[in-house]
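Working notes for the structure below.
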Amino acid sequence: MEILKRLQLTSHLKPKPTDEANLRFGDIYSDHMFLMDYFAGQWRAPRIEPFGPLLMSPAAMVLHYSQTIFEGLKCYRHPDGRLALFRPRDNFKRLNSSAARMSIPLLDEPFLLEALKELLKIDGSWTPSHPGSALYIRPFVIATEAHLGVRPAAEYLFMIITGPVGPYYKEGFAPIKIYVESHYTRSAPGGLGAVKAGASYASSLLATEKAAQKGFTQLLWLDSVHHRYIEEVGSMNMFFVLDGRIVTSPLAGGTILPGLTRASVLTVAEKLGIPAEERLIDIDELITAQETGRLTEAFGSGTAAVISPVGLLSYQDHDYVVNNGQVGRITQTLYDELVSVQYGLKPDPYGWVEILG
Ligand SMILES: *Cc1c(COP(=O)(O)O)cnc(C)c1O
C-alpha cells in the first residue's frame, strides 16, 4: 500500500524485553510508529517512522484545549505463533465517534486498519507470548495547529504507537478493592462520557489519587445528577451478579463508554446461557443486595485488564465484601471464555479475531 512508499526503518532496533512474565503496563514502546497529518481539509502523508519525539509548536491547540482522542486495543500471540487482533474494526469505528464528538475530522476506518497491519508487519515481533501479556496498540489524534483562539483546529496528527504489556493491575486476575465515589464524577449528561477523550481522564485523576491514598485500586463512579446510579469502575465498565444474573448499566444516557469488552461480555453471556440485563443500578439497591446475600459477584471490563474481579466495595465509610473477596464462578467463566478466544486457545465462534499474516 501507499504507506510503504513512506517507510523509514530505524537503524537502532531496541532490545525487546526478555522478562515477559514481569512486563508492566505502558512503559515500553516498539521500534516504529505510524503517522498521518491533516491539513487543508484532508488526511494526508501516511507514513511509518522510527519511534521518537514529536516536534510541534508550543501553541499547538491540543496543549491548551485538549482536543485529543484515543483508542486502545491489543494484538495477541496465539499458540501457533500467529498474531491476532481483537475486534479492531470496532475500535476504529469508536475512534470516529469520538472524533465526531470532539470536532475532529473523521478518518477512513478501513484505511486505519490497513495502516495498523502495515505497522505490525514491522513491529508485530514485539508481541510477547507469556500468558496475560500482549502488544498494546494506542491509536490517537491530537490537534497540532498553532492557534490560541478557541475553535476546532484546522490541523491534526493521527498516530499509532505500540508496546508489549503485562497485566494492567499489579494484582493480576485477583479481586481489587474499590471506593464508591460520591463527590467527584466522571461524566455528565451531554458531556464526554461516551467517548475516549483525554480530557475525561485528566479530570478523573484527583479522585483516583485520593482513593489510592486510602488503599483502593479503583473508584466506582456514580452518576453526576443523583450521585446514586452506578456508572463505571475507573476506566472499565462495571458488572454485578445479582440474583444469578449479570447486570450492567445501560449506554442510553450517554455518560458511559461503550466498551468493546463490555459488549463482548454480554455476547459471551448470551452464548453461555448466563442471563444478562442492562439497567440502571442504584447504589442503595446494591448495598441491600450485598447485605441480603443477593450480590454474589462484581467485576470490571476493559481491554487493558480484560476482566477485573472486584472483592470489596467501600461506600460511606462501610466496607462491603463481595464473594469473600474471591473470584466468582461467573466472573471466572466469562474471563476464561474471552481470554481463550483472544489468545487462540479455542476457535472463535464470534467473528472477533482477526489473524494477521
Ligand atoms: C476504554 C474505556 C472502557 C473500556 O472499553 P474497552 O473497549 O472494553 O476497552 C471503559 N470505560 C472507559 C471510560 C474507557 O475509556
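When a ligand or atom number is given, it counts from 1 through the structure's own listing order.
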> Are Asp108 and Trp43 close enough, and set up right, to give a side-chain hydrogen bond (donor to acceptor under 3.5 Å, both in side chains), and what steps lead you there?
Replying inline: CA-CA 9 Å; Asp108 178 342; Trp43 286 104; over 6 Å; no

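- Heavy-atom contacts of Gly302 reach the following atoms of ligand 1: 4 (C), 8 (O), 9 (O) (cutoff under 4.0 Å).
- Nearest protein heavy-atom contact of atom 15 (O) of ligand 1 is Tyr201 OH, 2.4 Å.
- Nearest protein neighbour of atom 8 (O) of ligand 1, counting heavy atoms only, is Thr261 OG1, 2.6 Å.
- A continuous path of hydrophobic side-chain contacts links Tyr335 to Val241 [ILVMFWY only; heavy atoms under 4.5 Å].
- Between Arg262 and ligand 1, not a single N/O pair is under 3.5 Å apart.
- Closest heavy-atom approach to atom 13 (C) of ligand 1 among the candidates Arg186, Lys196, Met238, Arg94: Arg186.
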>> Walk me through whether Arg186 and Ser200 qualify under side-chain hydrogen bond (donor to acceptor under 3.5 Å, both in side chains).
In response: CA-CA 7 Å; Arg186 192 192 78 90; Ser200 299; 4.7 Å; no

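- Shown in contact with Asn237 at under 4.0 Å from a heavy atom are these atoms of ligand 1, numbered in order with element: 10 (C).
- For the pair Leu260 and ligand 1, the shortest N or O to N or O distance falls below 3.5 Å.
- The only option from Tyr315, Tyr320, Phe216 that meets the ring pair (Phe, Tyr, Trp, His ring centres under 6.0 Å) definition with Tyr179 turns out to be Phe216.
- Looking at Ala263, Ser301, Ser235 and measuring to atom 3 (C) of ligand 1, the nearest heavy atom belongs to Ser235.
- Not a single donor-acceptor pair under 3.5 Å links the side chain of Tyr136 to the backbone N or O of Ser133.
- Between the side chain of Glu297 and the backbone N or O of Val322, no donor-acceptor pair lies under 3.5 Å.
- Remark: minimum distance from atom 9 (O) of ligand 1 to any protein heavy atom is reached at Thr303 OG1, 2.6 Å.
- The nearest heavy-atom contact from the protein to atom 11 (N) of ligand 1 is Glu232 OE1, 2.5 Å.
- With a 4.0 Å heavy-atom cut-off, ligand 1 is reached by the side chain of Leu257 but not by its N, CA, C or O.
- Taking hydrophobic clusters as Ile, Leu, Val, Met, Phe, Trp and Tyr residues chained together by side-chain heavy-atom distances below 4.5 Å, Tyr229 does not share a cluster with Ile287.
- The atoms of ligand 1 that sit less than 4.0 Å from any heavy atom of Gly259 are 5 (O), 6 (P), 7 (O), 8 (O).
- Between the Glu232 side chain and the Ser235 main chain, no donor and acceptor come within less than 3.5 Å of each other.
- The shell of residues lying under 4.0 angstrom from ligand 1, judged by heavy atoms, excludes Gly72.
- Under the 3.5 Å distance criterion, with hydrogens and angles disregarded, no donor-acceptor pair is assigned to the side chains of Gln316 and Ser182.
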